[in-house]
> 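I'd like to ask some things about the structure below.
Every chain is numbered from 1, with letters handed out A, B, ... down the list of sequences.
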Amino acid sequence: MSQSESKEPELMQKIVSLCKRRGFVFQSSEIYGGLRSAYDYGPMGVELKRNLMNEWWSAMVHTREDIVGLESSIIMHPQVWQSSGHLANFKDPLVDCLVCQERFRADKAPRREPGAPAPIELSDKGRAKLAQEKLAQAGHEGLTRDGKTLQGAVAGDRGYVCPNCGSPFLSPERDFSGMFRSNLGPVDPIKGVIDAVKRGVSEGADDKALRALAEDVLAKSAVYLRPETAQGMFVQFLNVQQSQSMKVPFGIAQMGKSFRNEITVEHFIFRSCEFEQMEMEYFCAPGEGPKYLEYWKDQRLSWWQSIGLTPERLRFRPHGPDELAHYSDGCFDIEYEFPWGWDELEGIASRTDYDLNAHAKGSGKKLHYFDAEAIDPETGKPGRHYVPHVVEPAAGATRGVLAVLCDAYAEEFDEQGQLSRVVLRLHPRLAPYKVAVLPLVKKDEQLVQRGREIVTRFAEAGIAARYDEQHTIGKRYARHDEIGTPYCLTVDAQTLEDGTVTIRYRDDRRQERIRVEDAVDVVNEALRQGRR
RNA sequence: GCGGGAGUAACUCAGUGGUAGAGUGCAACCUUGCCAAGGUUGACGUCGAGGGUUCGAAUCCCUUCUCCCGCUCCA
């Protein structure tokens, strides 16, 4: 028997297929043709995702005295996004190349001095010829063609060219906002626009002025779906700290949905417009950010390992100085080696006192912390006021689910090289069902009855168990291997004689005989140890 | 959004103008009883959607939606 570590591109397709077949993930609104970048979690998927998120909550909140939870609303006061800088910065200036149709971000395009030569290079001669004719028709004559290259164009005033073909012939920059906007309240915002137009405000206005007019009307009731859960925690910093008498350093943790109008969505549930986050803001004294950044780096990496991800497929990627946000003094990504390559699972950032300061300024409220035991460095007297600094581990729950699925998926082959089984080697605590209870023969009423009794024991103990009598024993094992059920208990004739059942382990299919009386304890202990 | 590939049964796919198929799965039964066993029977499709050409379209043409691979990214 051999193991497959298949890294082919079709691995993703196999996982997507299994997700649908076994009820982990379905495409949203499938019967209507599906919706781009939206996915539903089926009966198995919702269990897996909740188990993953519960593990996070347990590690971050329940097992720690210094972190408390929060669930803030998805729609917040629009000024939150004004203060946080999202309204101003969370958007990309998009430009279309008029020659090759490439769409790109203006701020990432190759720079050229205005007036500098800008040769245009197409992928082949034919395209170059077509582009030459098209440009000539548009009034850009005098370009000469040399093979697949057009010479004679010069860079324009905006100082960049198309990253694909080098063309300076570009559409205007259009802001692509990463935030979903809606309107709150009983007043129809469109009516406001119509009224404004009727009042004649738009008389003689050009496109830009018309847009500004419409924006102005919409802005009065505009609200946004949060693009991250973090701001809710900053905004409630004082309420949480004071109501729980938290002492710095302490953290606020939150799990929940966030929304981003992504330019491109990709890789199944990896990048989607609606996604779920697990974020924690750790507030510490000024100057302690770097220390806690190191601390949380290690904590978070070992957490991902603790839920079963292969250590060799996890790594840190430090952000370079050019990559850091202006307010950040250090940032690491935790990356996972997905079937398509290394990609981000979690970002751990030292954010200084930027966020609390921004909201203090925006709201006019003091977001200070008073430490009675510290000495004020300026006066030398006891008692110190300061704005805490923040270290933020922000993990993708949705991405976590995908990483866990990719890591767990395994194919086994027999001696002839034939696929013998597909097994999800999920960490037992993440598995949708912990236990399957199987009567060896479903026609034996006594076995069936005994099996159902055992399932009830597990239900009463709060362990997700499933009674299953369909088909033959082999098929039942195979089906539970595919959904990652770590333990199968089989009731057979011997059970009726001596009150024992076999427990069969998913990963290596070994079997042991245990007493029915001990079954719940055995499984509980196995789950605690993560035994496979 | 652009370029490339693909949409046919729950899944994987065959089917190039003439009555929609296979394997797996699913349901029932017989035999069997610890790793996708054998046998019998059965259900399932507006061939992604819409329009067009044609006596006739899964097949040819147009439009559209969705997915995958690249460009994109910072959960």
> Are E279(A) and T229(A) linked by a side-chain donor-acceptor pair shorter than 3.5 Å?
yes
> Should the pair E453(A)-R450(A) be classified as a salt bridge under the 4.0 Å nitrogen-to-oxygen rule?
yes
> Going by 5.5 Å between centroids and 30° between planes, is there a stack of Y477(A) over A36(B)?
no
> Give me the distance, rounded to whole Å, that separates U59(B) from G21(B) when you measure between the C1' atoms they each carry.
15 Å
> State the pairing partner of A27(B); accept Watson-Crick or G-U wobble contacts with both distances under 3.5 Å, and report none otherwise.
U41(B)
> On a plain distance test, is the side chain of Q13(A) in donor-acceptor contact with the base of C68(B) below 3.5 Å?
no
> By the 4.0 Å heavy-atom rule, please label S272(A) as base, sugar-phosphate, or nothing.
base
> From CD of Q27(A) over to P of A10(B), roughly how many Å is that when rounded to an integer?
15 Å
> With a 3.5 Å cut-off and no angle check, do the side chains of S258(A) and Q277(A) form a donor-acceptor pair?
yes
> CG of L345(A) versus P of A75(B): gap in Å, rounded?
12 Å
> Could you tell me how far apart F413(A) (CZ) and C35(B) (C1') are, to the nearest whole angstrom?
18 Å
> Go nucleotide by nucleotide along RNA chain B from the 5' end; which of T502(A) and S17(A) gets its closest nucleotide reached first?
S17(A)
> Rounded to whole Å, please give me the gap between NZ in K14(A) and C1' in U12(B).
11 Å
> For D481(A), which contact category applies under a 4.0 Å heavy-atom criterion: base, sugar-phosphate, or nothing?
nothing
> Measure from CZ on R476(A) to P on C35(B) and round the result to the nearest Å.
13 Å
> Indicate, with a heavy-atom threshold strictly under 4.0 Å, whether R479(A) touches base, sugar-phosphate, or nothing.
sugar-phosphate
> Under 3.5 Å for both donor-acceptor distances, Watson-Crick or wobble: does C34(B) have a partner, and if so which one?
none
> Strictly by Watson-Crick or wobble contacts shorter than 3.5 Å, is anything paired with A6(B), and which nucleotide is it?
U66(B)
> Students often get this wrong, so: under 4.0 angstrom with heavy atoms, is F268(A) touching a base, only sugar-phosphate, or nothing?
sugar-phosphate
> Cation-pi check, R315(A) to W342(A): give yes when NZ or CZ is under 6.0 Å from the six-membered ring centre and within 45° of the ring axis, no otherwise.
yes
> Going by the angle between their ring planes, with limits at 30° and 60°, are Y292(A) and Y295(A) parallel, tilted or perpendicular?
perpendicular
> To the nearest Å, give me how far apart CD (E512(A)) and P (C34(B)) are.
19 Å
> Looking at R271(A) and D343(A), is any side-chain nitrogen of the basic one under 4.0 Å from a carboxylate oxygen of the acidic one?
no
> Would you kindly give the CZ-to-P distance between R421(A) and C34(B), to the nearest whole Å?
18 Å
> Counting only heavy atoms not in R532(A), do more than 12 fall under 6.0 Å of its CZ?
yes
> If you only use heavy atoms from C-beta on, which nucleotide in C68(B), A27(B), C26(B) is closest to the side chain of Q470(A)?
A27(B)
> Check whether any side-chain nitrogen or oxygen of T472(A) sits under 4.0 Å from OP1 or OP2 of A37(B), and answer yes or no.
yes
> Would you classify E274(A) as touching base, sugar-phosphate or nothing, given that sugar-phosphate means primed atoms plus P, OP1 and OP2, and contacts are heavy atoms under 4.0 Å?
nothing
> Counting side-chain heavy atoms from CB outward, which of C73(B), C34(B), C68(B) is closest to D343(A)?
C73(B)
> Is a donor-acceptor pair below 3.5 Å formed from side chain R504(A) to base C35(B), judging by atom type as modelled?
yes
> Taking only side-chain nitrogens and oxygens of H267(A), does any of them come within less than 4.0 Å of OP1 or OP2 of C73(B)?
no
> D507(A) has an atom CG; how far is it from atom P of C35(B), in whole Å?
19 Å
> Please work out which residues in residues 436-455 of chain A have a non-hydrogen atom less than 4.0 Å from an atom of RNA chain B and list them by number.
L440(A), V441(A), K443(A)
> Is the shortest distance from a Lys or Arg side-chain nitrogen in D468(A) or R476(A) to a carboxylate oxygen in the other one below 4.0 Å?
no
> Establish, with yes or no, whether the OP1 or OP2 oxygen of A10(B) is under 4.0 angstrom from a side-chain nitrogen or oxygen of K20(A).
no
> Looking at K475(A), does any N or O in its side chain come under 4.0 Å of the phosphate oxygens OP1/OP2 on A37(B)?
yes
